[in-house]
Amino acid sequence: MKDLSPPRALRSADKVMSLAHLGAMQPTRLSFLRVLMRDLARLEAQVTRTAWKMDEEGHGHATYTVSMGPHSYTLIAFSQALSDEERTDRVIATAWDAAFVLFDGIPAEADIARLAEAVPRQEEGRLTDTELVLSRANKSVRLFAHVVDALRTGAQPDAEMLAKTGYLMRTTAVYGNGKFGLADRSRIEDRPGLSGPFAAEMLTVWLIRGFTHDLAEHLGGAPLASRVKRMLGVGNATGLGMAPFLVSHPLLLDAWMQVRETALSRVLNQPTITEGEAAELVSLAAHAAAYLQTWEVADADAMEDIRRLRSDWAALTGALDVGSLQEPGALSALLDRCETPALEELAVSWLLEPFGHLVDDLAECQASPFEPELDARQTCGALKAEIELHAPWALCCDFEKAEESAQFWYVSEEKLEPRLGDREADPGAEKETPLDSARQICALHAALPQDATPLWQFFASRPEHRSVARRVQALATHPYAEVRANLLHGDAAPIHLLRAKLSCFGASRFDPKSRLWTRVTLAQGLPLADEIGDTTGWLPHL
């Protein structure tokens with residue numbers, strides 16, 4: 001039967017860029033970790049543990065060198081003693097169980113000696129442009145101890161405990177792109193395998209995962225089974241420091257979302273799918289259902305959302321069969337049945353998975369070096385009309401009401417990290433950072449005359465509106481460039497922004513600890529260093 005329905009358009013930015021949908025995103029085959037895995041396979045990368053100088057307590061250093069095309073990179077890991085009192089996920093911590101640096105090339109002994117002094121100090125250390133990424137991590141104490149104890153008795157660790165936690169260590173920072181003296185992205189942006197966004201950071205995380213396996217085996221005196229290693233990723237604790245990025249890089253955000261939505265459109269616009277693709281969708285739906293059953297969090301509201309997602313997923317996919325999925329329009333019909341953002345975003349990830357041949361090339365479009373450019377020749381009336389057309393979500397805000405600007409963003413003096421303040425209770429609102437796109441758009445709209453005055457003339461007396469005007473002009477061609485919400489509203493939860501960005505990285509098992517920070521798992525289920533070429537990994541394979 002021929003499908004006579006019109007081509008499926010990209011989902012609207014009003015939907016996709018809402019906090020509800022951003023806060024429900026799941027990893028996909030276009031997430032940066034998955035793209036890295038395919039690049040490692042394409043480049044026939046090889047990983048070699050080039051040094052292991054650990055004492056009986058697991059303290060010392062190790063190095064791992066990965067060859068990627070014409071370049072090599074080395075993860076240098078430093079493990080040290082840490083008391084329970086010092087172990088914390090907070091950014092104000094000054095000591096960690098382990099610290100890491102991704103070195104550009106193969107370090108000499110002098111480099112390792114220099115970094116042994118600098119890297120464990122993190123922000124207080126001194127780094128150079130031969131270092132690409134800086135990170136630190138703490139043990140998941142209970143699971144790490146269980147794994148080591150199991151190995152010492154000749155057993156493998158308990159599968160239920162592995163599934164519940166999912167990592168032996170969790171990072172509290174993965175820094176790159178020039179921070180603390182690290183190399184700028186321009187040093188590596190054209191290199192094979194590292195040209196994509198956050199590719200060097202994702203390579204670091206994946207190599208750290210291998211180090212955590214080796215450290216547990218060293219202390220346990222026996223090897224972990226490959227299936228166990230696949231179940232163990234790297235945890236991550238992420239707070240407000242990540243949230244402003246999506247607002248500060250509008251065209252990069254648009255690139256990530258455009259790629260994802262274009263990929264979905266390609267999949268949904270197929271006239272039909274093959275029997276093998278349909279069978280894979282059925283299998284993946286069952287896998288996703290099993291994954292949802294293992295996803296447990298402490299937060300009561302988040303756990304209730306997960307329970308509803310389990311039920312909704314079962315209703316959507318429980319009766320699927322290969323034949324029905326091959327009917328014309330079947331995939332679009334399934335997506336249209338998704339009544340909640342959580343269900344729809346999970347379905348998007350699921351629907352993309354079997355169709356690498358259709359969508360994987362889009363990963364090349366996820367890096368964007370561009371910034372919005374101002375067309376000062378446009379008339380004030382034309383820009384005002386563009387605001388009304390492309391940003392009605394902002395004009396709906398009434399900033400005369402206290403709740404619309406109840407929060408303000410600022411940068412802490414102590415750690416130079418983004419923070420969120422209560423405008424009524426906290427000092428510092430006069431130093432807030434400009435993450436108030438909705439308020440700026442409203443102010444611009446109110447200030448613009450409805451006439452043919454060119455913008456250059458308007459800005460001569462009102463220069464404070466230039467920046468937001470650039471952003472509004474970009475929306476005509478970059479509709480996903482703005483988070484379509486007022487981030488100053490008292491109910492606007494930063495956790496939604498964190499989840500959106502982390503899902504683009506490839507994180508899963510979101511475990512919110514408040515509206516301000518979350519724990520996640522990275523690289524769980526992905527190939528090990530000796531399995532490069534295995535491209536599976538949609539949601540952790542438990």
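Heavy atoms only: backbone and side chains are in, while hydrogens, waters and symmetry mates are out.
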Considering all heavy atoms, the nearest R29-E353 contact: NH1-O, 2.6 Å
Heavy-atom pair of closest approach, residues R42 and D39: NH2-OD1, 3.1 Å
Check: N138 side chain, D97 main-chain N or O, donor-acceptor pair, under 3.5 Å: yes
Residues forming a ring-ring contact (aromatic ring centres under 6.0 Å, His included) with H249, sequence neighbours excluded: F245
Less than 3.5 Å apart, which donor and acceptor atoms pair up between the side chains of residues 219-226 and the rest of the protein, not counting sequence neighbours?
none

By side-chain contact (heavy atoms from CB on, under 4.5 Å) - contacts of D158 (at least two apart): H146, E160, M161
Those residues that, when tested against D254, pass salt bridge (charged side-chain N to carboxylate O under 4.0 Å, His left out) (two or more places apart): none
Sequence neighbours excluded - salt bridge (charged side-chain N to carboxylate O under 4.0 Å, His left out) pairs with any residue from residues 300-309: E304-R307, R308-D312
Minimum heavy-atom distance R170-N236, with the two atoms named: CB-N, 3.7 Å
Sequence-distant partners of R260, salt bridge (charged side-chain N to carboxylate O under 4.0 Å, His left out), two or more places apart: E345
Listed partners of P354 passing side-chain contact (heavy atoms from CB on, under 4.5 Å), at least two apart: E280, L281, L284
Pair listing, side chain to side chain donor-acceptor pair (under 3.5 Å) test, anchored in residues 208-224, at least two apart: R49-D214, W52-H218, Y64-D214, E217-K229
Could you pull out all donor-acceptor pairs under 3.5 Å where a side-chain atom in residues 101-113 meets a protein atom, sequence neighbours excluded?
| from | atom 1 | to | atom 2 | distance (Å) |
| --- | --- | --- | --- | --- |
| D104 | OD1 | R191 | NH1 | 2.8 |
| D104 | OD2 | R187 | NE | 2.7 |
| D104 | OD2 | R187 | NH2 | 3.1 |
| D104 | OD2 | R191 | NH1 | 3.2 |
| D104 | OD2 | R191 | NH2 | 3.0 |
| D111 | OD2 | A108 | N | 2.9 |

Whether R519 side chain and D511 backbone form a donor-acceptor pair below 3.5 Å: no
Aromatic plane relationship, F32 with W256 - under 30° parallel, 30 to 60° tilted, over 60° perpendicular: perpendicular
Y291 (side chain) donor-acceptor with R509 (main chain) under 3.5 angstrom: yes
Salt-bridge present (R310, E296; N to O < 4.0 Å): yes
Partners passing side-chain contact (heavy atoms from CB on, under 4.5 Å) against Y410 (at least two apart in sequence or in another chain): F408, R419
Results of side-chain contact (heavy atoms from CB on, under 4.5 Å) for D530 - residues two or more places apart only: L528
D422 side chain to D426 backbone, donor-acceptor under 3.5 Å: no
Residues that K164 engages under salt bridge (charged side-chain N to carboxylate O under 4.0 Å, His left out), provided they are two or more places apart: none
